[in-house]
Peer 1: 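So that we are looking at the same thing, I have put the structure below in structure tokens.
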Amino acid sequence: MDKVEIYYFSGSGNSFAVARDVAIRLNAVLTPIMSMINQESIETDANVIGLVFPIYDFKPPQFMEKFICKIKNIQSKYIFAFCTYGIAPSKSLKHLEKTINSCGGNLSAGFAVGMPQNGLGSGKVTQVQKEMMFNEWKNRIDEVCASIKNKKTEEIDTSILFFNILKPQILKMIPVYLAFTKQILFKGIDSLALTSNENCTGCGTCEKICTQNNIEIINNKPSWLDNCINCFACLNWCPNGAINPGDADLSIKNYHHPDVKISDMIIPKK
Ligand SMILES: Cc1cc2nc3c(=O)[nH]c(=O)nc-3n(C[C@H](O)[C@H](O)[C@H](O)COP(=O)(O)O)c2cc1C
């Protein structure tokens, strides 16, 4: 009987929802990556390992590399991965494969799952589009889980951005990317730092949800330290919509996966 362990990272719940769906079907242990990232090494007797994460800027988040190379006996494990993406999976899973190879392991199967965008332009995604993405995933879960159960080697999902560019949901994002580029060129990247506005009640949700312990509530307002990875968990889970990236209008709306609760996301502080 295979022992399966799934390590996941999630800012707004999309990757958590995918990890949980897969864990239920594979009877796997579900572990947040951030609860283990500072361990010297990761030892597990699981012979099947799953990695689930969102794409950031066409790649897996940077900390994935640090995490993967800590896994002991990685060469003896069957490894599968899911990336969730808002626009296009690009070559993220290929990047992940390279990292796993460099640590001595192999990526046997890599699946890309389209989920609502949680960053730039999230406000442009309609409810109909969101439902389509959720349904597409629901229709695919059993097939991919059966493949993992049989420890099959699958072709790794990739996409070429050029061929996605004419999709309506991508065309809708173009004004957002132009506004983003203009903001950086004319006001500098620091002008996009996260801040709270007058709707902030100092409730502390952002401090609890921050995946990096990077927020402190000082004088009833959040204060960001210098370890932000831009997962947008604070912005997306703020119950008052009180967090913005500076004064730019980048159509970022509070989004989180509808079937994920804030209590699912909070990693107990050590
Ligand atoms: C900083 C940042 C960068 C992102 N970059 C990409 C990207 O390059 N391509 C893409 O398709 N989606 C991108 N996204 C969207 C997320 O990958 C997507 O919404 C994902 O499902 C979020 O998962 P989570 O809820 O588990 O955090 C980005 C999101 C953020 C916050």
Side-chain angles (χ1 to χ4, degrees), residues 6-20 30-42 51-71 81-86 92 95-96 99 115 117-120 122 180 189-197 200 202-246 248 250 252-257 260-270:
I6 297 178
Y7 299 105
Y8 71 92
F9 174 83
S10 186
S12 58
N14 288 343
S15 308
F16 174 76
V18 168
R20 183 177 58 187
L30 205 50
T31 305
I33 287 176
M34 283 306 149
S35 69
M36 311 198 82
I37 192 94
N38 291 325
Q39 280 182 205
E40 213 160 279
S41 67
I42 292 150
L51 300 165
V52 188
F53 56 89
I55 298 184
Y56 289 165
D57 304 328
F58 310 105
K59 290 197 290 285
Q62 277 183 358
F63 57 77
M64 287 302 288
E65 197 169 324
K66 175 175 165 194
F67 179 77
I68 288 164
C69 287
K70 290 183 181 198
I71 302 173
F82 287 85
C83 71
T84 70
Y85 66 92
S92 330
H95 280 281
L96 185 83
T99 304
M115 281 277 156
Q117 169 75 3
N118 69 344
L120 291 188
S122 58
F180 175 72
I189 190 89
D190 289 348
S191 70
L192 292 171
L194 293 167
T195 52
S196 62
N197 62 32
C200 175
C203 70
T205 302
C206 51
E207 185 185 34
K208 287 194 208 109
I209 198 82
C210 177
T211 58
Q212 308 301 303
N213 292 337
N214 190 48
I215 300 179
E216 275 177 17
I217 302 293
I218 301 173
N219 296 332
N220 230 19
K221 294 279 170 221
S223 173
W224 282 262
L225 311 175
D226 54 6
N227 193 26
C228 180
I229 57 163
N230 288 320
C231 70
F232 286 171
C234 55
L235 184 158
N236 281 313
W237 289 94
C238 173
N240 302 306
I243 298 177
N244 318 96
L250 302 175
I252 304 179
K253 288 273 143 57
N254 288 58
Y255 163 79
H256 50 80
H257 192 287
V260 175
K261 296 195 288 290
I262 194 160
S263 54
D264 297 323
M265 299 291 294
I266 294 173
I267 301 165
K269 307 257 188 276
K270 291 208 172 136

Peer 1: With sequence neighbours excluded, what pairs up with S191 under the side-chain hydrogen bond (donor to acceptor under 3.5 Å, both in side chains) test?
Peer 2: Q183
Peer 1: Could you pull out the closest heavy-atom pair between M34 and I267, with the gap in Å?
Peer 2: CB-CD1, 3.8 Å
Peer 1: Nearest 0.5 Å please: distance from the OG atom of S15 over to the CD1 atom of I6.
Peer 2: 12.0 Å
Peer 1: Counting heavy atoms not belonging to K261, are there more than 12 under 6.0 Å from its NZ?
Peer 2: no
Peer 1: Please name all residues satisfying ring pair (Phe, Tyr, Trp, His ring centres under 6.0 Å) with Y255, sequence neighbours left out, ordered by chain then number.
Peer 2: none
Peer 1: Within the supplied structure, the quantity of interest is the number of heavy atoms (other residues, nucleotides, ligands) at a distance under 6.0 Å from K70 NZ; does it exceed 12?
Peer 2: yes
Peer 1: Taking side chain to side chain contact (heavy atoms under 4.5 Å, CB included) as the definition, give me every residue that meets it alongside F67, ordered by chain and number, with sequence neighbours left out.
Peer 2: Y7, I33, M36, I37, I42, L51, I71
Peer 1: Side chains of F16 and H257: closer than 4.5 Å at any heavy-atom pair?
Peer 2: no
Peer 1: At what distance, to the nearest 0.5 angstrom, does SG of C234 lie from CD of E207?
Peer 2: 12.0 Å
Peer 1: For S12, check side-chain hydrogen bond (donor to acceptor under 3.5 Å, both in side chains) against everything at least two apart and list the hits.
Peer 2: N118
Peer 1: Got a second to check how far T211's OG1 is from I266's CD1, nearest 0.5 Å?
Peer 2: 12.0 Å
Peer 1: Does any pair with a residue in residues 231-242 pass side chain to side chain donor-acceptor pair (under 3.5 Å), and if so which ones, sequence neighbours excluded?
Peer 2: T201-N240
Peer 1: Taking all non-hydrogen atoms of both residues, which atom of I215 and which atom of C206 are closest, and how far apart?
Peer 2: CD1-O, 3.6 Å
Peer 1: On a heavy-atom basis, which atom in L96 and which in A81 lie closest, and how many Å separate them?
Peer 2: CD2-CB, 3.4 Å
Peer 1: With C228, which residues qualify under disulfide (SG to SG under 2.5 Å), at least two apart?
Peer 2: none
Peer 1: For N244, which residues count as a side-chain hydrogen bond (donor to acceptor under 3.5 Å, both in side chains) partner, sequence neighbours excluded?
Peer 2: N197
Peer 1: List the residues meeting side chain to side chain contact (heavy atoms under 4.5 Å, CB included) with S92, not counting sequence neighbours, and say none if there are none.
Peer 2: I55, P60
Peer 1: First locate atom SG of C238, then atom NE2 of H256, and finally report the distance between them rounded to the nearest 0.5 Å.
Peer 2: 10.0 Å
Peer 1: To check you understand the geometry: which heavy-atom pair defines the closest contact between T195 and G246, and what is its length?
Peer 2: OG1-N, 4.2 Å
Peer 1: Under the rule for salt bridge (charged side-chain N to carboxylate O under 4.0 Å, His left out), what residues qualify as partners of D264, not counting sequence neighbours?
Peer 2: R20
Peer 1: Within this structure, what is the CG-OG distance for the pair N254 and S122, rounded to the nearest 0.5 Å?
Peer 2: 8.0 Å
Peer 1: Which residues pass the side-chain hydrogen bond (donor to acceptor under 3.5 Å, both in side chains) test with T99, not counting sequence neighbours?
Peer 2: none
Peer 1: Determine the minimum heavy-atom distance between P32 and S35, stating which atoms define it.
Peer 2: O-OG, 2.7 Å
Peer 1: According to side chain to side chain contact (heavy atoms under 4.5 Å, CB included), who are the partners of P61, at least two apart in sequence or on a separate chain?
Peer 2: F53, P54, Y56, F63, M64
Peer 1: Who are the side chain to side chain contact (heavy atoms under 4.5 Å, CB included) partners of E216, not counting sequence neighbours?
Peer 2: I218, L225
